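No experiment lies behind these values; they were computed from the predicted model shown. Below, each value reflects all heavy atoms present in this structure, side chains not excepted, and no hydrogens, waters or symmetry copies.
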Amino acid sequence: MKKIILASNSPRRKALLAGLGFEFEVRVVPGIDESYPEDLAVEEVPQYIAREKSEAYTVGADEVLLTADTVVVLGSEVLGKPRDAADASRMLHALSGRTHRVITGVCLTTAGAQRRFSVVTEVTFKQLTDDEIDHYISTFRPYDKAGAYGIQEWIGYIGVTDIHGSYFNVMGLPVQRIYQELQQLI
């Protein structure tokens, strides 16, 4: 059986992968560039970044490296991690009362092969009030989350009215699909 290497410090990704029952090791190379070409289709952005992350690692013969990237897409705009409270507020106001897509790109790399895929989930928010947005930002400080929100947090409890697709994908790791793919690699 190959050893799984999770290339992420995200506590959500660690918890989700642990929930699959696989043993894994966390290995993070700091300072990986997460930029992407401006002319890249928004649907391709997270898979592109996941592949770029994988190239920063050396994968042993007995290892499977898991890299991932999650973006929130509203229309044709990619909402990454907010820079500050004002940026988080802008994003949440834009998502309020609308449906958006959460896309996670995953790259599974072994010494001899690479599997890449993306999973898309549609999420709809109710019309959020200014007070709700301000409370969420000041209490939860969602600066490490694409689209400035975590569905597993308070804003998801009170704001998400509809979801089509994988809930866990919105948290940052499409575990059902990863389980399927890992079964073929390990």
Nearest heavy-atom neighbours spanning Val119 and Pro174: CG2-CB, 3.6 Å
Rounded to the nearest 0.5 Å, how far does OG of Ser10 lie from CE of Met171? 8.5 Å
Rounded to the nearest 0.5 Å, what separates atom CD1 in Ile4 from atom CD in Glu23? 9.5 Å
So, for Ala111 and Ala61, which heavy atoms are closest and what is the spacing to 0.1 Å? CB-CA, 4.0 Å
If I take atom CG from residue Leu66 and atom CG from residue Leu182, how far apart are they, to the nearest 0.5 angstrom? 6.5 Å
For Lys81, is the NZ atom crowded, meaning more than 12 foreign heavy atoms sit under 6.0 Å from it? no
Under the ring pair (Phe, Tyr, Trp, His ring centres under 6.0 Å) rule, collect the residues that match up with Phe168, sequence neighbours excluded. none
Is it the case that atom CZ in Arg141 sees more than 12 heavy atoms from other parts of the structure closer than 6.0 Å? no
Okay, side chain of Thr139, backbone of His135: is any donor-acceptor separation there less than 3.5 Å? yes
Would one find more than 12 heavy atoms of other residues, nucleotides or ligands at under 6.0 Å from atom CD of Gln183? yes
For residues Asp144 and Arg12, determine if any side-chain heavy atom of one lies less than 4.5 Å from a side-chain heavy atom of the other. yes
Indicate yes or no: at least one non-hydrogen side-chain atom of Gln152 is less than 4.5 angstrom from one of Tyr167. yes
Joint hydrophobic cluster, Met91 plus Val72, side-chain heavy atoms closer than 4.5 Å: yes
Tell me whether Leu74 shares a hydrophobic cluster with Val160, the cluster being built from Ile, Leu, Val, Met, Phe, Trp, Tyr side chains joined at under 4.5 Å. yes
Here the gap from Ile32 atom CD1 to Ile49 atom CD1, rounded to the nearest 0.5 Å, amounts to 11.5 Å
Short question: side chain of Thr121, backbone of Val170 - any donor-acceptor pair under 3.5 Å? no
State, yes or no, whether a side-chain contact exists between Ile158 and Glu132 at a heavy-atom distance under 4.5 Å. yes
Answer with yes or no whether the side chains of Glu122 and Thr99 bring together a donor and an acceptor at under 3.5 Å. no
Under 4.5 Å between any side-chain heavy atoms of Phe22 and Ile186, yes or no? yes
Do Thr104 side-chain atoms and Asn169 backbone N/O form a donor-acceptor pair below 3.5 Å? yes
Can Ile151 be reached from Phe140 by stepping across I, L, V, M, F, W or Y side chains whose heavy atoms are under 4.5 Å apart? yes
For Val29 and Ala56 the tightest heavy-atom approach is CG2-O, 3.8 Å
Between Gly159 and Leu128, the two heavy atoms sitting closest are CA-CD2, 4.1 Å
Tell me yes or no: between the side chains of Arg27 and Ser8, is some donor less than 3.5 Å from an acceptor? no
Shortest non-hydrogen pair, Asp87 vs Asp84, comes out as N-OD1, 2.9 Å
Applying side chain to side chain donor-acceptor pair (under 3.5 Å) to Asp33 and not counting sequence neighbours gives Ser35
Partners of Phe117 by ring pair (Phe, Tyr, Trp, His ring centres under 6.0 Å), sequence neighbours excluded? none
Quick check against the 3.5 Å criterion: does Ser89 have a side-chain atom that pairs as donor or acceptor with the backbone of Ala85? no
In terms of hydrophobic clustering (I, L, V, M, F, W, Y; side-chain heavy atoms under 4.5 Å; direct or indirect links), are Val71 and Val175 co-clustered? no
State the CG-NZ distance between Leu95 and Lys126, to the nearest 0.5 angstrom. 14.0 Å
Student check: side-chain heavy atoms of Thr70 and Val102 closer than 4.5 Å: yes
Check the pair Asn9 / Lys14 against side-chain contact (heavy atoms from CB on, under 4.5 Å), numbers first and verdict last. CA-CA 7 Å; Asn9 270 328; Lys14 291 176 194 175; 4.0 Å; yes
Looking at Lys53 and Asp69, is there a salt bridge between them, counting it only when a charged N and a carboxylate O are closer than 4.0 Å? yes
For Tyr48 and Leu40: C-alpha separation, side-chain torsions, deciding distance, then whether side-chain contact (heavy atoms from CB on, under 4.5 Å) applies. CA-CA 9 Å; Tyr48 175 89; Leu40 192 64; 3.6 Å; yes
So, the side chain of Ser54 versus the backbone of Arg51: is there a donor-acceptor pair under 3.5 Å, distance only? yes
Test item: side-chain donor near acceptor, Tyr136 and Glu153, under 3.5 Å: yes
Establish, from distance only, whether the side-chain atoms of Arg115 and Gln184 form a donor-acceptor pair under 3.5 Å. yes
Looking only at heavy atoms, what is the nearest atom pair of Pro46 and Gly105, with distance? CB-N, 3.3 Å
Who are the side chain to side chain donor-acceptor pair (under 3.5 Å) partners of Lys2, not counting sequence neighbours? none
State yes or no: do Val73 and Val106 share one hydrophobic cluster built from I, L, V, M, F, W and Y residues joined by side-chain heavy-atom distances below 4.5 Å, directly or via other members? no
Side chain proximity check, Val59 to Ile5, heavy atoms < 4.5 angstrom: no
Go through the structure and list residues passing salt bridge (charged side-chain N to carboxylate O under 4.0 Å, His left out) with Glu43, not counting sequence neighbours. Arg101
Sequence neighbours left out, what passes ring pair (Phe, Tyr, Trp, His ring centres under 6.0 Å) with His93? Give chain and number order. none
Does a side-chain heavy-atom distance below 4.5 Å link Leu108 with Leu65? no
Give a yes or no on whether Tyr143 atom OH has more than 12 heavy-atom contacts from other residues, nucleotides or ligands under 6.0 Å away. yes
Atom pair CG/OG1 of Asp162 and Thr124 - distance to nearest 0.5 Å: 5.0 Å
Parallel, tilted or perpendicular for Tyr149 and His100, by the 30°/60° rule? perpendicular
